[in-house]
Amino acid sequence: MLLTLILVLLQAPKGPPYKTPLAMEEMARKQALVDTTAGTFVIDLQPEAAPNHVGYFMKLAREGAYNGTLFHRIISMGIIQGGDPISKDPARTKQYGTGGLGMLQAERSAQKATRGAVAAVLQPGKPDSAGAQFFICVTDQPALDGKYTIFGRVSEGLDVVQRISQAPAEPNGAPIERVEIRSVTIRDTPPPEPEPFAGETAESMARYRAVLETSAGDISVEFFPDKAPEHVRNFLRLAQAGVFDGTSFHRVVRGFVIQTGYLTTRGPLTEKQQKLVRGLQPEFNDTKHTRGILSMAHGDDPASATTSFFIVTGDAPSLDGKYTVFGRVVGGLDVVDKIETTAVSGEEPLERIDVKSVRLVRDRQPRMDVQRR
């Protein structure tokens, strides 16, 4: 559905359109840290796509022009719009959306108005009328492609942007409570953080245990990084990031498996969490699927495993060589039994069994002497 983004500006632009005095190198690798009353998010600025828009945004941010402005228009799970200098004044609510425009010529590109895109607000029918105001796509908005200048993308804090979009609002999109931009800080883009556990050896990863804290009790597991190093690395990374927290045991088959980690059973992930979710290449090994074994679920494609895993509750030789074993239960088998005997409809528990959290514990010495079939 096409989103009409702009109210009419009352005055014509004065003078020629703004041209940034900043060189491309001065704008390259810059971020905007946007602190709001609803939380903080980060915009990666894109001067290569829209140099004058980025230069103008940086100028206003450094002058403190955005401090105290509002997100004055929101469409739930659609867009949020802010940056109007008039929105600093609570007495001028009827004029919100009309200020700060008419300063920039369009700098359109082939970029799409996808989730996280930051684009310049325009007056209807006036492509060269951008200025201080901007909007952020909360979800993909293909109807807006090619119609607005995209000059940045949210790289962190999209959950904050989404939460702003879902705030209670009037029919015209005006938030019922003020959502204020406290400050916009321009900073150098920090170097990428190394992924957790990226440099861990098999011996190092063998020192870890995980405690699945469930609504039925705790289950402790050890890992087999000598057999499936990338599956163990993936599990440790997801557990540390809290990806498993809030999932449930969505599948229970007596005498076979109990399964959890399916992302549709929990709330939305943060952007940082989502970046850690990826397909895994199989690491089939000679460890048998026997009671207590931890193994990775996948679809028809053996390389489609991501987050869902299962605990075997009885010997299951039909799974051997077809699913990747990467650990086993070393404590809490009684809890596994309790979950296995829960009432089900088909394979789905009638009452939700939560994974409250997955906590990692590191032993002083790895247990490399475990006998496995």
Under a 3.5 Å distance rule, please check whether Thr306 uses its side chain to pair with a backbone N or O of Val277 as donor and acceptor.
no
Suppose we screen for side chain to side chain donor-acceptor pair (under 3.5 Å). Which residues come up paired with Glu107, at least two apart in sequence or across chains?
Asn52, His53
Among pairs that include at least one residue of residues 115-124, which meet salt bridge (charged side-chain N to carboxylate O under 4.0 Å, His left out), considering only residues two or more places apart or in two chains?
Arg115-Glu271
Test item: side-chain donor near acceptor, Thr37 and Glu180, under 3.5 Å
no
Within this structure, what is the CD1-OG1 distance for the pair Ile181 and Thr36, rounded to the nearest 0.5 Å?
7.5 Å
Rounding to 0.5 Å, atoms CG (Asp84) and OH (Tyr66) come to a distance of 10.5 Å
Check: His289/Ser295 side-chain N/O donor and acceptor closer than 3.5 Å:
yes
Contacts of Gln46 meeting side chain to side chain donor-acceptor pair (under 3.5 Å) (sequence neighbours excluded), chain-then-number -> Gln111
If I take atom OG1 from residue Thr287 and atom CG from residue Leu294, how far apart are they, to the nearest 0.5 angstrom?
11.5 Å
Partners of Thr93 by side chain to side chain contact (heavy atoms under 4.5 Å, CB included), sequence neighbours excluded?
Tyr96
Under a 4.0 Å threshold between the charged nitrogen and the carboxylate oxygen, would Asp337 count as salt-bridged to Arg254?
no
With a 3.5 Å distance limit and no angle check, can you tell me whether Arg108 reaches the backbone of Lys147 through a side-chain donor-acceptor pair?
yes
Using 30° and 60° as the class limits, which term best fits the ring planes of Phe134 and Phe71: parallel, tilted or perpendicular?
perpendicular
For Arg29 and Glu26, indicate whether the former's side chain and the latter's backbone hold a donor-acceptor pair under 3.5 Å.
no
Give a yes-or-no answer on whether the side chains of Gln281 and Glu230 include a donor-acceptor pair shorter than 3.5 Å.
no
Quick one: is the NZ or CZ of Arg233 closer than 6.0 Å to the six-membered ring centre of Phe197, and within 45° of its axis?
no
Would you call the rings of Tyr323 and Phe310 parallel, tilted or perpendicular, taking 30° and 60° as the class edges?
perpendicular
The reported gap from NE2 in His298 to OG in Ser304 (rounded to nearest 0.5 angstrom) is 6.5 Å
I'd like to know if the side chain of Ser87 pairs up with that of Arg92 as donor and acceptor (distance under 3.5 Å, no hydrogens or angles considered).
no
To the nearest 0.5 angstrom, please state how far the CG atom of Asp35 sits from the OG atom of Ser183.
4.5 Å
Taken in chain and number order and not counting sequence neighbours, the residues that satisfy side chain to side chain contact (heavy atoms under 4.5 Å, CB included) with Arg359 are Val211, Glu213, Val361
Salt bridge or not between Lys322 and Asp320? Use side-chain N to carboxylate O under 4.0 Å.
no
Can you see whether Ser308 engages Gln259 through a side-chain donor-acceptor pair at a distance of less than 3.5 angstrom?
yes
Test side chain to side chain contact (heavy atoms under 4.5 Å, CB included), reference Val118, set Ile136, Ile150, Asp44, Leu45, output is Ile136
With side-chain hydrogen bond (donor to acceptor under 3.5 Å, both in side chains) as the criterion, how do Arg153 and Thr114 come out once you've worked through the C-alpha distance, each side chain's angles and the decisive distance to 0.1 Å?
CA-CA 9 Å; Arg153 289 192 177 272; Thr114 51; 2.9 Å; yes
Salt bridge or not for Arg237 and Glu195, using N-O below 4.0 Å?
yes
When rounded to the nearest 0.5 angstrom, what distance separates CD in Gln273 from CG in Asp245?
8.0 Å
Any salt bridge linking Lys112 with Asp140? Criterion: basic side-chain nitrogen under 4.0 Å from a carboxylate oxygen.
no
Any Lys/Arg nitrogen of Glu222 or Arg362 sitting under 4.0 Å from an Asp/Glu carboxylate oxygen of the other?
no
Out of curiosity, does Val179 fall in the hydrophobic cluster containing Val42 (side-chain heavy atoms, cut-off under 4.5 Å, transitive links)?
no
List the residues meeting side chain to side chain contact (heavy atoms under 4.5 Å, CB included) with Ala228, not counting sequence neighbours, and say none if there are none.
His231, Glu283, Asn285, Thr324, Phe326
